[in-house]
**Student:** 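Just passing along the structure, written as structure tokens.
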Amino acid sequence: MAKSTGWDPVLIIAQIIALQTLHYVTLSLLIPPLLVMFAEPGPLEYEGGAANVGMIMDWREMAGRPTTRALPGEGPWRSLNSVWSGGREVGLGTSPQTTSRHVDPIRCWIIAICWMAASAADVYYLYALIRRPRLILDFALTLLFNHLVLTTYYSAAIPTSPFFWLVTGISTACTVVFAEQLCVKREMNEGLVVAAPPDAGDNVEMGSLLRED
């Protein structure tokens with residue numbers, strides 16, 4: 001992509017959309033097959049399956065937090081699902097969904113690793129689409145900000161998990177560092193001007209002057 005000499009809002013918006021799209025496409029290619037292979041099938045199906053968009057857009061999936069409300073008989077209403085005798089709780093009824101509702105920690109780690117892998121791919125996307133080293137930080141932070149807005153809207157909750165912030169923060173920092181280094185290296189290589197050889201006529205003229213001396 002050719003460099004733009006001025007401020008082009010259409011180009012900037014197109015670059016933001018392309019970068020965000022490539023990031024999510026990378027996640028959609030990595031997360032579903034890995035979840036199918038390594039995650040617990042019961043809780044995974046309860047959450048909608050490996051291809052559920054929430055695996056990418058819901059920050060609670062990475063944070064290892066439940067994404068559904070308490071089932072009847074859980075939480076403060078647990079006593080209504082119990083068996084009582086003589087004022088004592090002697091048994092507890094269980095729902096068939098209870099065993100599938102627990103959070104799978106393996107799923108959380110898979111999503112986090114896939115996010116870091118997608119951030120590594122973002123290094124090349126920034127290198128190919130943005131090109132300028134001074135713009136890498138802006139576009140990387142824009143990518144993270146857009147995801148925070150989308151995941152907050154999708155889950156109807158602001159991300160409060162330290163693990164989520166740690167993964168996204170470290171991934172973004174590494175993306176910025178490596179993408180800037182690649183862009184700076186390319187600009188330095190492109191900035192080296194190799195002097196063109198003199199024309200043949202100049203060679204003949206210079207040779208004749210040397211012979212006269």
**Student:** Using 0.5 Å steps for rounding, measure from the CD1 atom of Ile170 to the OG1 atom of Thr172.
**Tutor:** 10.0 Å

**Student:** Out of curiosity, Leu126 CG to Leu143 CG, how far, rounded to the nearest 0.5 Å?
**Tutor:** 7.5 Å

**Student:** Which value, rounded to the nearest 0.5 Å, describes the distance between Phe178 atom CZ and Ile136 atom CD1?
**Tutor:** 13.5 Å

**Student:** Check the pair Leu44, Met55 against side chain to side chain contact (heavy atoms under 4.5 Å, CB included), reporting the backbone distance first and the verdict last.
**Tutor:** CA-CA 10 Å; Leu44 182 62; Met55 299 299 165; 3.7 Å; yes

**Student:** So, does Thr26 use its side chain to make a donor-acceptor pair with the main chain of Ala118 at under 3.5 Å?
**Tutor:** no

**Student:** Looking at every non-hydrogen atom in both residues, tell me the closest pair between Gly54 and Glu61 and how far apart they are.
**Tutor:** O-CG, 3.4 Å

**Student:** Quick check on the hydrophobic clustering: are Val167 and Leu35 connected, directly or via other members, by side-chain heavy-atom contacts under 4.5 Å?
**Tutor:** yes

**Student:** Using side-chain contact (heavy atoms from CB on, under 4.5 Å) as the criterion, list what pairs up with Val25, not counting sequence neighbours.
**Tutor:** Thr21, Ser28, Leu29

**Student:** Just verifying a value: how many Å separate Cys114 SG and Met116 CE, rounded to the nearest 0.5 Å?
**Tutor:** 9.0 Å

**Student:** Under the 4.5 Å side-chain heavy-atom rule for ILVMFWY, direct or indirect, which residues accompany Phe145?
**Tutor:** Val149

**Student:** Partners of Trp109 by side-chain contact (heavy atoms from CB on, under 4.5 Å), sequence neighbours excluded?
**Tutor:** Phe163

**Student:** Taking the side chain as every heavy atom from C-beta outward, state whether Ile111 and Leu34 have any pair of such atoms under 4.5 Å apart.
**Tutor:** no

**Student:** Give a yes or no on whether Leu11 and Ile17 share a hydrophobic cluster (residues Ile, Leu, Val, Met, Phe, Trp, Tyr; joining criterion: side-chain heavy atoms under 4.5 Å apart).
**Tutor:** no

**Student:** My understanding is that only residues two or more places apart in sequence, or in another chain, count here; which of them pass side chain to side chain donor-acceptor pair (under 3.5 Å) with Tyr127?
**Tutor:** none

**Student:** Is there a donor-acceptor pair closer than 3.5 Å between any side-chain N or O of Gln15 and the backbone N or O of Leu129?
**Tutor:** yes

**Student:** Could you state the interatomic distance from CZ (Arg60) to CD (Glu47), rounded to the nearest 0.5 Å?
**Tutor:** 8.5 Å

**Student:** Do the non-hydrogen side-chain atoms of Arg131 and Glu187 ever get within less than 4.5 Å of each other?
**Tutor:** no

**Student:** Could you see if Val36 belongs to whatever hydrophobic cluster contains Leu27? Use Ile, Leu, Val, Met, Phe, Trp, Tyr and a side-chain cutoff under 4.5 Å.
**Tutor:** no

**Student:** Under the side-chain contact (heavy atoms from CB on, under 4.5 Å) rule, collect the residues that match up with Val184, sequence neighbours excluded.
**Tutor:** Pro133, Met188

**Student:** Under 4.5 Å between side-chain heavy atoms, hopping through other hydrophobics if needed: is there a path connecting Leu30 to Ile113?
**Tutor:** no

**Student:** OH/Tyr125 to OG/Ser119 distance, rounded to the nearest 0.5 angstrom?
**Tutor:** 11.0 Å

**Student:** Can you name the residues that form a side chain to side chain donor-acceptor pair (under 3.5 Å) with Asn52, not counting sequence neighbours?
**Tutor:** none

**Student:** Mind checking whether Trp115 and His23 have side chains closer than 4.5 Å, heavy atoms only?
**Tutor:** yes

**Student:** Through direct or indirect side-chain contacts below 4.5 angstrom among Ile, Leu, Val, Met, Phe, Trp and Tyr, which residues connect to Val10?
**Tutor:** none

**Student:** Hydrophobic cluster membership, with links at side-chain heavy-atom distances under 4.5 Å among I/L/V/M/F/W/Y: are Leu22 and Tyr124 in one?
**Tutor:** yes

**Student:** Output all residues satisfying side-chain contact (heavy atoms from CB on, under 4.5 Å) with Leu135, sequence neighbours left out; order by chain, then residue number.
**Tutor:** Ile130, Arg132, Asp138, Phe139

**Student:** Could you note down all residue pairs passing side-chain hydrogen bond (donor to acceptor under 3.5 Å, both in side chains) where residues 144-169 supplies at least one of them, sequence neighbours left out?
**Tutor:** Gln20-Asn146, Tyr24-His147, Trp59-Ser155, Arg65-Thr160

**Student:** Taking only Lys NZ, Arg NE, NH1 and NH2, and the carboxylate oxygens of Asp or Glu, determine whether Glu40 and Arg107 approach each other closer than 4.0 Å.
**Tutor:** no

